[in-house]
Amino acid sequence: MLRPLDTATRETKRLDGVWDFRIDRAGEGRDRSWWQGPLPGARPMAVPASFNELVLDKADRDHFGDLWYQTRVRVPRGWAGQRVTLYVESATHRATVWADGVELGSHEGGYLPFELDLTEVARPGDEVLLTFCVNNTLSFQSIPPGVIETDLAGVARQRWFHDFANYAGIHRSVYLVATPHDRIDDVTVTTDIDGTTGVVRLVTATTGDGDVRVVLRDADGAEVAAADGRDVALRVPDARLWGPGHPYLYRATIELGRGQELVDTYAVTVGVRTVAVDGARILLNGEPVYLTGFGMHEDHEAIGKGHCDALMLRDVACLEWINANSVRTSHYPYSSEFMDHCDRAGILVIDETPAVGMNMSIGGGIFGTQGYTTFSPDTANHETQAAHAQVIRELVARDKNHPSVIVWSLANEPESETDAAEAYFKPLFELARELDPTRLVGFVNVMTARYPDCKVSRYADLVMINRYYGWYVFLGDLAVAERALRSELEGWASEGKPIIVTEYGTDTVAGLHDLGSGPWSEEYQTAFLEMSSRVLDEVDAVVGEHPWAFADFQTAPGIVRVDGNKKGLFTRARQPKSAAHWLRQRWAAKRRP
Ligand code: GCB
């Protein structure tokens with residue numbers, strides 16, 4: 001499946017805007033076949049956006065179950081004879097779609113795209129009525145997991161275990177796409193470096209026969225290499241490499257032809273770079289790299305997890321201002337626009353699946369048993385593992401051509417100290433490596449599976465750990481926290497793998513100042529970062545630091561969450577807290593050769 005793109009043989013029409021919407025409080029829409037005509041009782045809803053932020057009634061906002069979306073769209077009349085599809089970038093957490101009452105299909109998983117064929121239904125020049133039934137419930141068989149429980153008052157409630165709001169809706173763009181019936185179906189780019197020559201391998205899958213021609217052009221549009229075939233290795237003498245500070249992008253055009261006829265054409269950007277592990281170092285283009293940056297969230301006031309180019313660029317501007325060279329897409333795949341930007345800007349990405357909250361000793365970021373066993377026939381089981389494998393497949397399929405992606409993160413803070421966890425994760429590591437042998441594979445280890453108790457990290461190419469010494473543990477006692485952090489990092493370092501500390505931080509209320517540097521104050525956040533940074537600098541195996549988090553974000557209500565999680569270095573409105581200025585200086589120094 002290829003992303004929508006306008007080319008000489010392809011056209012796209014973006015369907016974003018105000019759609020009709022209805023929250024199915026009574027769960028009646030499926031029985032009443034709401035896809036068969038105009039949605040009864042509809043109200044307006046923005047696409048893309050999280051519906052939760054645009055409805056003010058609490059019961060609506062917290063609704064779990066079905067959400068109905070509908071729009072009427074005219075299929076361009078010039079599309080006759082083409083294959084017409086609907087490409088949905090994100091419907092959280094699953095959706096079924098109808099066109100003029102005909103069911104097109106369904107997709108499970110809220111953060112990755114899917115494509116449905118509506119060639120048979122769409123009549124070029126006519127309108128078609130599109131109806132989406134989006135469903136936002138979480139269960140132990142979904143990724144991420146959740147459970148519906150009945151409270152003391154007998155009311156059913158959706159519970160989830162991850163520490164961010166369970167925003168839902170159509171979160172990214174929806175496209176109508178016209179492609180030829182015989183077409184380019186998939187393109188896989190991998191790159192290597194041979195002396196000063198870049199080697200770009202391009203594997204093209206097509207439906208229908210024909211000849212494939214690949215042309216690689218530099219950033220000025222000049223042809224630098226070309227070859228014929230479905231599996232070609234292009235050699236680029238004196239290649240300009242891709243990396244932070246020099247995000248040079250080539251562009252490959254792929255043409256499927258028959259004689260003089262151009263059957264289909266598609267294009268992808270190409271960054272020539274290699275990534276490898278050498279002992280306890282990560283090598284980018286053969287040189288050691290040190291990651292500065294954050295785990296983030298797609299999270300903004302009023303639109304929740306809805307994608308917005310302007311807000312994305314504001315995030316990116318903050319990343320540049322603070323001298324970050326990397327991010328982790330905690331805790332789910334981010335929009336393709338964001339991934340494109342990371343390619344353009346030279347930001348390294350740890351690309352994470354939505355597998356977060358698979359640990360029944362933590363809930364919403366807080367340690368404490370959740371009343372379930374993580375891995376069992378009734379909780380995370382074979383079905384969950386199959387859903388997890390599927391998101392890994394879909395993530396790699398979507399993001400495999402982004403030079404910015406250097407690590408696949410299979411999960412955030414799952415249970416990893418038990419035999420059951422090992423049995424669950426081992427095949428997932430094997431799958432990820434089989435799908436993509438060119439990148440590093442890891443997962444993010446939690447504090448309850450400290451060194452040397454973890455049984456999953458042995459399958460990873462690198463160690464990624466979240467540690468809260470000085471916050472959840474040893475709150476307010478940074479001297480003891482420092483000893484504990486050092487001792488644990490030294491333990492992990494003895495494994496001989498590179499370590500990235502993917503989370504460490506303190507909740508910090510912007511504007512709260514304290515001469516005594518007490519917890520929650522801006523002074524404490526800075527003191528905590530000074531302490532942690534001192535330790536990270538002492539341990540050679542540490543090759544990356546991602547303080548938690550980039551910005552404050554919304555969570556479920558909780559007794560340690562005041563209008564959300566406040567561990568941001570930036571506020572939710574993307575203004576720096578004092579510690580951000582300190583970090584900016586530190587990272588400026590790290591950038592110097
Ligand atoms: C974690 C989680 C993250 C939470 C954070 C916290 O370990 O990975 O999702 O938001 O802790 O602030 O508690």
Side-chain angles (χ1 to χ4, degrees), residues 111 138 143-146 159-167 293-299 305 327-334 350-368 370 374 407 409-417 442-450 454 456-457 463-475 481 484-485 488 500-510 519-520 524-525 528-529 532 544-572 577 579:
Y111 301 96
L138 295 173
I143 303 287
R159 184 172 163 204
W160 62 89
F161 305 101
H162 52 73
D163 185 32
F164 53 92
N166 186 30
Y167 282 131
F294 302 97
M296 306 176 64
H297 269 295
E298 291 184 318
D299 172 274
K305 291 202 174 309
V327 297
R328 175 171 60 119
T329 69
S330 47
H331 298 304
Y332 38 82
Y334 290 1
I350 300 171
D351 207 357
E352 191 157 279
T353 74
V356 53
M358 304 188 70
N359 191 333
M360 293 305 118
S361 62
I362 326 174
I366 311 300
F367 301 110
Q370 302 301 304
T374 307
V407 179
S409 167
L410 303 189
N412 179 67
E413 298 193 340
E415 177 177 304
S416 64
E417 68 280 23
F443 83 107
V444 174
N445 162 287
V446 64
M447 247 181 136
T448 49
R450 287 192 183 89
C454 182
V456 176
S457 56
V463 173
M464 297 192 280
I465 55 173
N466 295 347
R467 291 300 181 269
Y468 286 90
Y469 294 114
W471 189 254
Y472 293 119
V473 184
F474 309 127
L475 177 75
L485 178 63
E488 210 199 335
I500 299 175
V501 185
T502 34
E503 286 183 27
Y504 55 108
T506 64
D507 281 276
T508 305
V509 178
W520 297 92
Y524 188 71
Q525 188 177 36
F528 171 93
L529 286 178
S532 307
E545 54 186 64
H546 281 181
W548 187 251
F550 168 68
D552 294 346
F553 56 92
Q554 196 50 268
T555 64
I559 52 165
V560 293
R561 296 286 180 260
V562 188
D563 190 27
N565 187 309
K566 295 280 184 276
K567 294 193 186 70
L569 270 297
F570 294 88
T571 63
R572 204 177 183 210
K577 299 180 190 171

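Just so it is clear, the values below take in all heavy atoms, side chains as well, and ignore hydrogens, waters and symmetry mates. It should be emphasised that the depicted structure is a prediction, and the values quoted were computed from it without experimental measurement. Just so you know, ligand 1 is whichever comes first in the structure, and atom 1 is the first atom listed for that ligand.
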Among protein heavy atoms, which lies nearest [atom], and at what distance?
| atom | value |
| --- | --- |
| atom 12 (O) of ligand 1 | Lys567 NZ, 2.5 Å |
| atom 7 (O) of ligand 1 | Glu413 OE2, 2.5 Å |
| atom 2 (C) of ligand 1 | Glu503 OE1, 3.2 Å |
| atom 10 (O) of ligand 1 | Asp163 OD2, 2.5 Å |

Considering the heavy atoms of [X], write down every atom of ligand 1 situated less than 4.0 Å from one of them.
| X | answer |
| --- | --- |
| His331 | 3 (C), 8 (O), 9 (O) |
| Phe553 | 10 (O) |
| Arg561 | 6 (C), 12 (O), 13 (O) |
| Tyr472 | 6 (C), 12 (O), 13 (O) |

Is it the case that [X] and [Y] place a side-chain donor and acceptor less than 3.5 Å from each other?
| X | Y | value |
| --- | --- | --- |
| Asn445 | Glu413 | no |
| Asn359 | Gln370 | no |
| Asn412 | Arg328 | yes |
| Gln554 | Tyr167 | no |

**OP:** Given side chain to side chain donor-acceptor pair (under 3.5 Å), test Trp520 with Asp507 step by step and report yes or no.
**Re:** CA-CA 6 Å; Trp520 297 92; Asp507 281 276; over 6 Å; no
Subject >> For Phe528, ring pair (Phe, Tyr, Trp, His ring centres under 6.0 Å) partners two or more places apart >> reply: none
Original post:
Any heavy atom of Arg328 sitting closer than 4.0 Å to ligand 1?
Top reply: no
Proximity to ligand 1 by part of [X], non-hydrogen separation under 4.0 Å:
| X | result |
| --- | --- |
| Asn412 | side chain |
| Asp507 | neither |
| Tyr468 | side chain |

Subject >> Sequence-distant partners of Tyr332, side chain to side chain donor-acceptor pair (under 3.5 Å), two or more places apart >> reply: His297, Lys305
Original post:
Where is the tightest heavy-atom contact between Asp163 and Phe553, given as atom of each residue plus distance?
Top reply: O-CE1, 2.9 Å
